[in-house]
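Worksheet: the structure to be examined is printed underneath.
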Amino acid sequence: MEQKEKIDLQAWFAGWEWETSLPRPAATEAAAQARRHAASLSFDRERMSAADDVEKMLLATTCGVLAERFGCVRTFLHDQVPAPLPSGSDWRTMLRRTIFLGWTKALVGDFDGTIEDSIASLRAAQGEYERSYLDAAPEPRAAAWELIALYHLMAALAQLVAGKPLEEVDASLDRSLISCLRADHYDLHGLICRLWAACKIARRDVSPSR
């Protein structure tokens, strides 16, 4: 049964990811219930393995928001203590950690000012760290496209926090997905698809704790 649930969940998410980029009529209540159920199962699984891994934290957060379990997501995030950034971390690691942590906050409406400060710090550090990272990358082209995908993801986060039109947020997320494909980075592509879907739910209704 557990294996069947996992397969069904993967199939459901595959369909959801495809639909995030297509114009669709409003989902039926049955479809919304199916989405909440599948995402809830995934949230319960992912949060158990998140520990201090920021990528797993973001994945669990997106699943919880898709399940519309906002209170549970806030409790989950409150209990997380991300590990400090290791000394000597490369530019990619710095970007992913800061951007992913920012999105976990944004998806539950936690706009406390630290997101903007973190983004400003990244932009100030880009010139110092980006070139050395790309020079050392074994596949510079793919590495560059991944960085571009992360920059667009950071732009979408900054636009969301600043209250920019939602069309601007969507456009940045779309560019991030395209860059992931050019980098052949399908894991990041899948994560951003889930994030974009969760973002649509969050902007519609970041509810009180439930």
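Residue numbers start at 1 and run along the sequence shown. Here the structure is a predicted model, which means the values were calculated and not measured. Computation of the quantities below employed the complete heavy-atom set of this structure, encompassing side-chain atoms and omitting hydrogens, waters and symmetry-equivalent molecules.
Smallest separation of non-hydrogen atoms from Thr62 and Ala198: O-CB, 3.7 Å. Closest approach of Ala158 to Arg123, counting heavy atoms only: CB-NH2, 4.1 Å. When all heavy atoms of Ala39 and Ala67 are compared, the pair lying nearest together is CB-N, 3.6 Å. Across every non-hydrogen atom of Cys63 and Ser42, the tightest pair is SG-OG, 3.3 Å. Across all non-hydrogen atoms, the minimal contact from Ala106 to Phe111 is CA-CE2, 3.6 Å. Listed here is the closest heavy atom pair of Ser172 and His152: O-CB, 3.5 Å.
Between atom CZ of residue Arg175 and atom SG of residue Cys180 there is a gap of 13.5 Å, rounded to the nearest 0.5 Å. Arg36 contributes atom CZ, which lies 8.5 Å from atom CD1 of Ile201 (distance to the nearest 0.5 angstrom). For the atom pair Leu191 CG and Leu58 CG, the distance stands at 5.0 Å (nearest 0.5 Å). Phe76 contributes atom CZ, which lies 5.5 Å from atom CE of Met57 (distance to the nearest 0.5 angstrom). Separation of atoms CD1 (Ile192) and SG (Cys199) is listed at 12.0 Å; rounding is to 0.5 Å. We find the CE-CD distance between Met154 and Gln159 to be 11.0 Å, quoted to the nearest 0.5 Å.
The shortest distance between side-chain heavy atoms of Thr104 and Asp110 does not fall below 4.5 Å. A heavy-atom distance below 4.5 Å is found between the side chains of Tyr151 and Leu95. No side-chain heavy atom of Leu101 sits under 4.5 Å from any side-chain heavy atom of Ser118. Inter-residue side-chain proximity for Leu173 and Leu195 is flagged as met; some heavy-atom pair is nearer than 4.5 Å. Here the side chains of Leu188 and Leu150 are in contact, with some heavy-atom distance below 4.5 Å.
Using modelled atom types, one finds no donor on one side chain facing an acceptor on the other under 3.5 Å when comparing Asp135 with Tyr133. Side chains of Thr114 and Asp117: no donor on one and acceptor on the other come within 3.5 Å.
Phe43 pairs in a side chain to side chain contact (heavy atoms under 4.5 Å, CB included) with only one of the listed residues (Val73, Leu59, Val65), which is Val73. Between Ser40 and the choices Arg45, Arg35, Arg69, the side chain to side chain contact (heavy atoms under 4.5 Å, CB included) rule is met once, by Arg69.
Between Asp170 and Arg203 there is a salt bridge, with a side-chain nitrogen of the basic residue lying less than 4.0 Å from a carboxylate oxygen of the acidic one. Taking 4.0 Å as the cut-off between side-chain N and carboxylate O, Arg96 and Glu146 count as a salt-bridged pair.
Under a cut-off of 6.0 angstrom, the local environment of CD in Gln33 is crowded, with over 12 non-hydrogen atoms contributed by other residues, nucleotides or ligands.
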Could you go through the side-chain contact (heavy atoms from CB on, under 4.5 Å) check for Thr98 and Phe100 one step at a time? CA-CA 6 Å; Thr98 305; Phe100 290 174; over 6 Å; no

Run the side-chain contact (heavy atoms from CB on, under 4.5 Å) test on Trp103 and Thr61 for me, step by step, so that the C-alpha distance in whole Å, both residues' side-chain angles and the decisive distance to 0.1 Å come before the verdict. CA-CA 9 Å; Trp103 271 105; Thr61 300; over 6 Å; no

Step by step, work out the side-chain contact (heavy atoms from CB on, under 4.5 Å) result for Leu122 and Ile99. CA-CA 9 Å; Leu122 282 178; Ile99 294 169; 4.1 Å; yes

After noting the C-alpha distance and the side-chain angles of Trp91 and Glu128, does the key distance pass the side-chain contact (heavy atoms from CB on, under 4.5 Å) rule? CA-CA 9 Å; Trp91 180 233; Glu128 179 181 355; over 6 Å; no

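Cluster annotation: Trp145 is not connected to Ile178 through the hydrophobic network of ILVMFWY side chains, with a link wherever side-chain heavy atoms come within less than 4.5 Å. Ile148 and Leu157 end up in different hydrophobic clusters when Ile, Leu, Val, Met, Phe, Trp and Tyr side chains are linked at under 4.5 Å. Two different hydrophobic clusters hold Leu153 and Leu181 under the rule that ILVMFWY side chains link at heavy-atom gaps under 4.5 Å.
Both cation-pi conditions hold for Lys200 and Trp196: the charged atom is under 6.0 angstrom from the six-membered ring centre and inside a 45 degree cone around its axis.
Of the possible donor and acceptor atoms, one in the side chain of Arg194 sits under 3.5 Å from a partner among the backbone N and O of Gly190. The backbone N or O of Gly71 lies less than 3.5 Å from a partner atom in the side chain of Thr75, making a donor-acceptor pair.
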